[in-house]
Trainee: 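One structure follows; several queries about it will come next.
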Protein chains: 2
Amino acid sequence: MGMAQWHDRTPILVSLIGRPDFGPALDLALSQVAAFDLTCVFAYPGEERPLLLHDGLRGVSSPAIMANYLNGTYLLDAVYAACRRPVPDGLYRLRELAPDDFFEGDYFKSPAVHPCISMETGTLAEEIVFIAALSPSTRLAYSLMRQNGRETFTETEMEALRTAAPMVTALLAQHWRSHVPADGAVDGALLERAFSSFRPGTLTAREQTIVSLVLRGHSSLSIARLLDIAEGTVKNHRKHIHAKLGISSQTELFNLFIGHLIGEA
Amino acid sequence: MGMAQWHDRTPILVSLIGRPDFGPALDLALSQVAAFDLTCVFAYPGEERPLLLHDGLRGVSSPAIMANYLNGTYLLDAVYAACRRPVPDGLYRLRELAPDDFFEGDYFKSPAVHPCISMETGTLAEEIVFIAALSPSTRLAYSLMRQNGRETFTETEMEALRTAAPMVTALLAQHWRSHVPADGAVDGALLERAFSSFRPGTLTAREQTIVSLVLRGHSSLSIARLLDIAEGTVKNHRKHIHAKLGISSQTELFNLFIGHLIGEA
DNA sequence: GCGTACATATCCCCAAAGGGATAGTTTTTG
DNA sequence: CAAAAACTATCCCTTTGGGGATATGTACGC
């Protein structure tokens with residue numbers, strides 16, 4: 001069954017946390033426990049679009065299909081639904097996660113939506129997935145797939161993979177934690193407090209509003225639309241802000257703010 | 001023997017990497033494999049003074065003795081010598097590491113130098129130590145100690161601990177890597193640490209260099225002059241960085257980094 | 001009433017960043 | 001050794017930001 005080999009390899013996986021070859025190494029180590037053909041890791045952060053964190057699809061899924069999936073068809077994915085439900089950390093068969101009629105529906109059969117299932121070379125024998133929580137609202141999904149013509153995973157294999165699951169989910173979370181935007185951190189209370197304690201008195205209320213929007217990543221045009229004023233007005237405000245703070249670029253503004261954040265800590 | 005319990009607990013240890021309760025949890029998990037009374041983790045970075053990273057000494061070592069050790073008597077320590085030699089990662093008995101006359105020398109017998117050995121309550125039955133490399137010149141040492149009146153570690157216990165050693169050393173390195181100033185980093189400031197822990201694995205070394213310069217406020221031209229490459233090359237790197245991080249502007253890069261800073265706190 | 005500060009808005013010009021495409025050289029890695 | 005990845009470089013074109021100058025409306029206080 002290969003559990004001994006699995007235990008032998010886990011220390012190596014731990015040492016590869018945070019390194020670029022972690023994904024391939026995880027594939028390799030798990031292949032000692034049970035055979036599979038394709039893998040991938042997606043993050044489903046909050047209500048945002050998924051991120052492809054690891055691509056073990058061997059080029060079977062075209063870039064166009066992947067782009068489709070990331071742009072919207074993921075909403076129809078049973079794995080996505082499970083991550084939103086959410087389910088506890090562990091190993092799941094796709095058949096368990098999917099509604100009864102899933103495999104009869106348009107999604108599964110469409111050749112243009114799923115990055116893994118619908119490939120030119122045929123259909124999948126089975127997909128199983130490790131699900132790991134990164135935060136209350138973010139889940140990682142590590143899929144193992146068997147291609148057409150092969151058997152489904154036996155219960156013996158599943159049992160061995162289930163034994164490995166606690167380690168797999170812990171590894172997934174540790175390695176990819178820093179690759180996924182933190183839970184609402186960018187508009188969290190911490191950031192709010194940092195904004196309001198940033199140069200109070202020097203800037204007018206309106207200017208503070210504009211600074212906080214700039215720091216959140218908005219362009220002048222985007223700010224103008226948000227506040228329902230002209231783009232030129234926003235640019236003018238930014239000009240005044242720069243003059244007051246004694247800086248001459250957005251970059252310096254970010255630097256001031258980073259210094260402010262660190263100084264507070 | 002407890003190897004089954006050990007394997008059960010390692011996933012929890014992995015999930016605690018980077019969290020404050022990792023040290024105690026490691027002590028607890030290893031105590032299932034073999035009994036011991038006291039523990040501690042030191043880092044020996046380059047040629048600098050050691051750092052006490054984990055204190056499982058239960059107050060047996062006085063602050064004064066610890067200060068002495070950190071200030072200079074560590075130079076006489078056999079564990080320090082082993083880390084400077086250096087020895088390969090693994091588990092060692094202190095008796096193996098020490099020169100033959102070590103236990104007869106002034107160091108071992110002095111009541112004022114060793115943070116663990118010389119305590120009021122008596123002497124040690126034995127000390128064993130896991131040594132893990134953090135970098136070519138930095139080693140971590142995780143000591144397990146049995147107090148007076150107990151037996152030394154049996155060969156059976158040592159064998160069990162040696163089986164666990166690859167995982168233990170990998171865990172040590174991962175958890176405490178960010179606690180020890182990077183190799184040759186002059187100041188190892190907060191900001192430096194934040195830069196180096198920003199999306200590891202996603203970006204190449206060169207790309208990380210460019211990101212850190214951009215975040216410091218440099219323009220493409222300024223970076224080009226600093227690195228003595230063409231401005232277009234810098235712009236190209238930035239293009240690739242944006243693609244990898246899934247963003248499309250400097251502003252978003254700053255946002256990611258601010259989120260990273262806040263997320264770490 | 002008048003000055004001041006603030007928010008709004010427009011024009012022009014230049015510097016910088018973003019992005020597609022392509023390609024030669026070096027380094028890493030299997 | 002051969003393939004892959006990374007680093008280097010250039011061309012061209014669009015979008016965004018930065019800054020000078022200027023102007024109108026509005027709210028507040030003296």
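Computation of the quantities below employed the complete heavy-atom set of this structure, encompassing side-chain atoms and omitting hydrogens, waters and symmetry-equivalent molecules. In what follows, chains carry the letters A, B, and so on, assigned in the order in which the sequence lines appear, proteins first and then strands, with residues in each chain numbered from 1.
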Trainee: Does D:dA6 have its OP1 or OP2 closer than 4.0 Å to a side-chain nitrogen or oxygen of B:Thr204?
Mentor: no
Trainee: Tabulate protein N/O versus nucleotide N/O from nucleotides 27-30 of chain C, keeping only pairs under 3.5 Å, one per line.
Mentor:
none

Trainee: Find which nucleotide of DNA chain D each of A:His240 and A:Ser248 is nearest to by heavy atoms, and output the residue with the more 5' nucleotide.
Mentor: A:Ser248
Trainee: In whole angstroms, how far is the P atom of C:dA17 from the CG atom of B:Leu221?
Mentor: 8 Å
Trainee: Can a donor-acceptor pair be found between the side chains of A:Ser220 and A:Glu231 at a distance below 3.5 Å?
Mentor: no
Trainee: Would you please confirm or rule out a distance under 4.0 Å between OP1 or OP2 of D:dA5 and any side-chain N or O of B:Arg206?
Mentor: no
Trainee: What is the separation between atom CD1 on B:Ile241 and atom C1' on D:dT8, rounded to the nearest whole Å?
Mentor: 14 Å
Trainee: Is the backbone N or O of A:Ala165 less than 3.5 Å from a side-chain atom of A:Thr169, with the two atoms forming a donor-acceptor pair by type?
Mentor: yes
Trainee: Does B:Asn236 reach the main-chain N or O of B:Gly232 with its side chain, forming a donor-acceptor pair under 3.5 Å?
Mentor: no
Trainee: Regarding B:Glu252 and B:Ser248, is there a side-chain donor-to-acceptor distance under 3.5 Å anywhere?
Mentor: yes
Trainee: Contacts to DNA chain D from residues 222-238 of chain B, heavy-atom cutoff under 4.0 Å, which residues?
Mentor: B:Ile229, B:Ala230, B:Gly232, B:Thr233, B:Asn236, B:His237
Trainee: Without decimals, in angstroms, what is the distance between A:Phe254 CZ and D:dG17 P?
Mentor: 10 Å
Trainee: From CD of B:Gln250 over to P of D:dG17, roughly how many Å is that when rounded to an integer?
Mentor: 10 Å
Trainee: Does a side-chain N or O of A:His242 approach OP1 or OP2 of D:dG19 to a distance below 4.0 Å, or not?
Mentor: yes
Trainee: So that I can tick it off, tell me whether A:Lys244 and A:Glu207 are bridged by a salt bridge, with the cut-off set at under 4.0 angstrom between side-chain N and carboxylate O.
Mentor: yes
Trainee: If we ignore angles and hydrogens, is there a donor and acceptor under 3.5 Å between the side chains of B:Gln174 and A:Ser15?
Mentor: no
Trainee: Rounded to whole Å, how long is the line connecting atom CD1 of B:Ile210 with atom P of C:dA16?
Mentor: 18 Å
Trainee: To the nearest Å, how far apart are A:Lys239 NZ and D:dT22 C1'?
Mentor: 10 Å
Trainee: For the residue pair A:Tyr74 and A:Tyr80, what are the closest heavy atoms and their distance?
Mentor: O-CB, 3.3 Å
Trainee: For A:Phe130 and A:Val41, what are the C-alpha separation, side-chain angles and deciding distance, and is it a side chain to side chain contact (heavy atoms under 4.5 Å, CB included)?
Mentor: CA-CA 9 Å; A:Phe130 291 94; A:Val41 175; over 6 Å; no
Trainee: Taking NZ, NE, NH1 and NH2 as the nitrogens, is one of them in A:Arg146 or A:Glu157 under 4.0 Å from a carboxylate oxygen of the other?
Mentor: yes
